[in-house]
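The structure appears right after this line, and notes come after that.
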Amino acid sequence: MKKIKDILKQCNVVSVIGDDDRLVAGLTFDSRKCSSDVAFFAIKGTQVDGHEFITKSIESGVKVIICERQPDDLCSDVTYYIVDNSAKALGYAASEFYDRPSEKLHLVGVTGTNGKTTIATLLYRLFFNAGYPCGLLSTIENRMNNTVVPSTHTTGDQLQINEMLNRMVEAGCEYAFMEVSSHAVDQDRIAGLRFEGGIFTNLTHDHLDYHKTLAAYRDAKKKFFDNLTSYAFALTNSDDKNGLVMLQNTKASKKTYSLRTDADFKGVVMESYFDGMELKVNGRNLSTLLVGRFNASNLLAIYGAASLLGMSEDCLLKEITKLQSASGRFQMVHSDSGIVGIVDYAHTPDALKNVLDTINDIRTHNETLITVAGAGGNRDAAKRPEMAEVAVKRSDRLIITSDNPRFEDPNEIISQMRSGVGGEYYNKVLCITDRREAIRTASALANKGDIILVAGKG
């Protein structure tokens with residue numbers, strides 16, 4: 001049990017109504033998880049306003065309420081803390097409740113449209129393989145050293161994040177690498193965390209169903225860097241037109257990486273194959289099992305972050321050559337029939353373009369390239385025709401199919417994608433709603449030496 005006033009000491013409390021000396025055993029923003037020893041945070045979400053559930057939480061026994069506006073009906077045996085921002089308050093309170101775990105770790109956040117999972121995962125692998133106890137919070141999985149904890153979101157909520165970081169500390173971790181989504185920044189899910197470094201990958205068309213404009217999406221990413229402290233580093237991709245924007249108002253030490261211009265971490269792709277690349281990084285030769293210019297850029301971010309965290313160059317060069325792609329990121333699937341399969345999570349126009357451009361740069365063009373792609377439901381619909389246009393122009397055949405339609409009609413999603421296919425490409429396209437059948441069809445159409453890209457959810 002902890003005193004709620006101590007848990008809230010970093011929060012901007014406007015006023016307190018009632019006894020401010022209460023003890024609590026837990027925090028929640030979910031009225032279904034309320035009990036007499038839990039403090040309830042009323043958060044205004046994108047779909048539901050937690051203030052509407054204050055009465056229900058009190059009926060469940062709650063004695064401490066944290067909210068942004070004073071309820072009309074006050075209970076005499078309940079303490080109300082009025083704060084300026086309940087979501088931000090929960091972040092700081094969660095950090096205090098779990099004894100500020102982010103301050104006991106070298107915590108690095110990775111943000112951007114594409115590359116977050118790859119960079120966070122490979123940084124974790126790099127440090128773990130080099131003998132450093134470390135943790136990972138990512139889209140695919142969370143890890144504490146070798147222990148895997150399933151992941152449900154790119155970035156969890158304030159309580160999930162701090163609980164995981166605390167478990168990492170208890171497991172002896174020294175470093176932690178974390179994907180930071182634009183939603184998480186906008187919703188203050190990372191409030192109260194102390195990052196030692198931030199990495200920006202790129203910014204392309206995605207999540208406009210939530211952010212509405214590309215400028216708002218960019219500013220959500222930038223807010224992460226704006227909030228870094230002077231002791232942290234901000235490492236950005238200067239090849240992206242928004243890369244230097246991220247550094248405009250940060251107090252952190254500003255560093256850049258690039259494949260095209262002078263930078264603190266400069267890379268050049270010397271040779272590229274389906275099973276790896278030869279690079280030159282800051283004048284040093286480097287072999288990698290990763291494929292494609294987008295992965296060369298990811299490697300520069302990894303190289304730069306590891307250097308800034310103090311890993312020696314000799315150790316870094318030795319370990320980085322062993323790294324393999326994160327699951328579902330340009331993952332090669334070899335078949336007995338001689339067909340080359342590639343699985344990639346690409347679910348934005350730019351990510352799909354990067355993968356297909358990589359394949360086309362390496363292939364002989366004497367073979368057929370078949371792409372199987374779809375678009376997720378209940379997400380940014382504007383990118384659907386763009387994805388189909390990108391895919392059909394860079395493939396010999398395109399099969400448009402389902403990709404996690406959620407609560408939408410998959411045939412409507414497919415129709416929206418097909419609207420991006422110009423008349424001259426129409427005969428190159430098949431639409432098959434069942435994803436398994438779409439992949440089977442691609443396999444049936446392919447001959448020895450041909451390439452099948454399965455994009456999206458795999």
Side-chain angles (χ1 to χ4, degrees), residues 1-103 153 155-163 165-166 180-195 210 219-220 223-224 226-229:
M1 301 283 279
K2 296 188 176 184
K3 287 189 176 183
I4 187 66
K5 65 181 179 183
D6 293 336
I7 295 170
L8 296 176
K9 64 184 178 182
Q10 299 295 321
C11 304
N12 186 8
V13 177
V14 178
S15 62
V16 182
I17 302 167
D19 179 8
D20 72 343
D21 206 35
R22 292 184 184 272
L23 296 170
V24 296
L27 315 175
T28 188
F29 59 93
D30 186 341
S31 61
R32 295 166 297 183
K33 298 179 180 178
C34 287
S35 61
S36 60
D37 58 356
V38 170
F40 175 69
F41 286 72
I43 294 175
K44 289 190 288 187
T46 55
Q47 305 294 328
V48 177
D49 187 346
H51 290 77
E52 297 174 4
F53 295 89
I54 289 176
T55 299
K56 181 182 177 182
S57 71
I58 293 172
E59 290 172 352
S60 298
V62 164
K63 300 299 181 184
V64 177
I65 302 289
I66 295 88
C67 52
E68 294 177 17
R69 58 180 185 270
Q70 181 178 317
D72 294 332
D73 298 318
L74 299 176
C75 294
S76 58
D77 62 340
V78 174
T79 302
Y80 301 85
Y81 286 84
I82 314 302
V83 296
D84 62 341
N85 184 320
S86 297
K88 185 178 288 188
L90 178 59
Y92 282 96
S95 176
E96 287 291 339
F97 185 80
Y98 287 104
D99 298 320
R100 300 191 188 184
S102 66
E103 298 180 14
H153 293 81
T155 312
D157 63 50
Q158 296 92 324
L159 295 168
Q160 291 170 331
I161 294 169
N162 280 281
E163 181 189 15
L165 293 177
N166 186 54
V180 178
S181 69
S182 56
H183 296 69
V185 179
D186 188 62
Q187 295 167 13
D188 289 306
R189 282 188 256 151
I190 59 169
L193 300 182
R194 189 180 76 174
F195 288 90
Y210 177 86
D219 290 346
K223 180 181 173 184
F224 170 57
D226 292 349
N227 290 331
L228 292 177
T229 63

Lys9 meets the salt bridge (charged side-chain N to carboxylate O under 4.0 Å, His left out) criterion, sequence neighbours left out, with none

With a 4.5 Å limit on heavy-atom distance, are the side chains of Phe41 and Leu27 in contact?
yes

Identify the heavy atoms of Asp49 and Arg69 that sit nearest to each other, and give their distance.
OD2-NH2, 3.1 Å

Can you confirm whether Asp73 is buried at CG, in the sense that more than 12 heavy atoms of other residues, nucleotides or ligands lie under 6.0 Å from that atom?
no

Atom CG in Asp226, atom CG in Asp219: separation rounded to 0.5 Å?
8.5 Å

Contact summary for Phe97 and Val24, nearest pair of heavy atoms:
CE1-O, 4.5 Å

Mind checking what makes side-chain contact (heavy atoms from CB on, under 4.5 Å) contact with Lys88, not counting sequence neighbours?
Asn85, Tyr92, Asp188, Ala191

Does the side chain of Cys67 come within less than 4.5 Å of Val83's, by heavy atoms?
no

For Asp30, which residues count as a salt bridge (charged side-chain N to carboxylate O under 4.0 Å, His left out) partner, sequence neighbours excluded?
Arg32

What heavy-atom pair brings Ser95 and Gly192 nearest, and what distance separates the two atoms?
OG-O, 3.5 Å

Qualifying residues under side chain to side chain donor-acceptor pair (under 3.5 Å), relative to Glu68, sequence neighbours excluded:
Lys44

Side chains of residues 55-66: which donor-acceptor pairs under 3.5 Å do they make with residues two or more places apart or in other chains?
from	atom 1	to	atom 2	distance (Å)
Ser57	OG	Ile54	O	2.6
Ser60	OG	Lys56	O	3.2
Lys63	NZ	Asp77	OD2	2.7

Salt bridge (Lys or Arg N to Asp or Glu O under 4.0 Å): pairs with one or both residues in residues 94-103, sequence neighbours excluded:
Lys2-Asp99, Glu96-Arg100, Arg100-Glu103

Taking every heavy atom of Gln158 against every heavy atom of Ala87, the minimum-distance pair comes out as NE2-O, 3.0 Å

What residues, two or more places apart in sequence or in another chain, satisfy side-chain contact (heavy atoms from CB on, under 4.5 Å) together with Ile17?
Gln70, Leu74, Tyr80

Distance in Å, Phe53 CZ paired with Ile43 CD1, rounded so as to fall on 0.5 Å steps
12.5 Å

Sequence neighbours excluded, which residues qualify as salt bridge (charged side-chain N to carboxylate O under 4.0 Å, His left out) partners of Asp72?
none

Minimum heavy-atom separation for Ile161 and Gly156, please, with both atom names.
CD1-O, 3.3 Å

Distance from Cys11 atom SG to Leu90 atom CG, nearest 0.5 Å?
8.5 Å

By salt bridge (charged side-chain N to carboxylate O under 4.0 Å, His left out), which residues pair with Arg194, not counting sequence neighbours?
none

Which residues share a side chain to side chain donor-acceptor pair (under 3.5 Å) with Thr79, sequence neighbours left out:
Arg22

Look only at the side chain of Asp157 and the backbone of Gln160, and say whether a donor-acceptor pair between them is shorter than 3.5 Å.
yes

Non-hydrogen atoms of Leu159 and Tyr98 that approach each other most closely
O-CE1, 4.1 Å

Could you tell me which residues satisfy side chain to side chain donor-acceptor pair (under 3.5 Å) with Asp84, sequence neighbours excluded, listed by chain and number?
Asn12

With sequence neighbours excluded, what pairs up with Asp20 under the side-chain contact (heavy atoms from CB on, under 4.5 Å) test?
Lys5, Val16, Tyr81

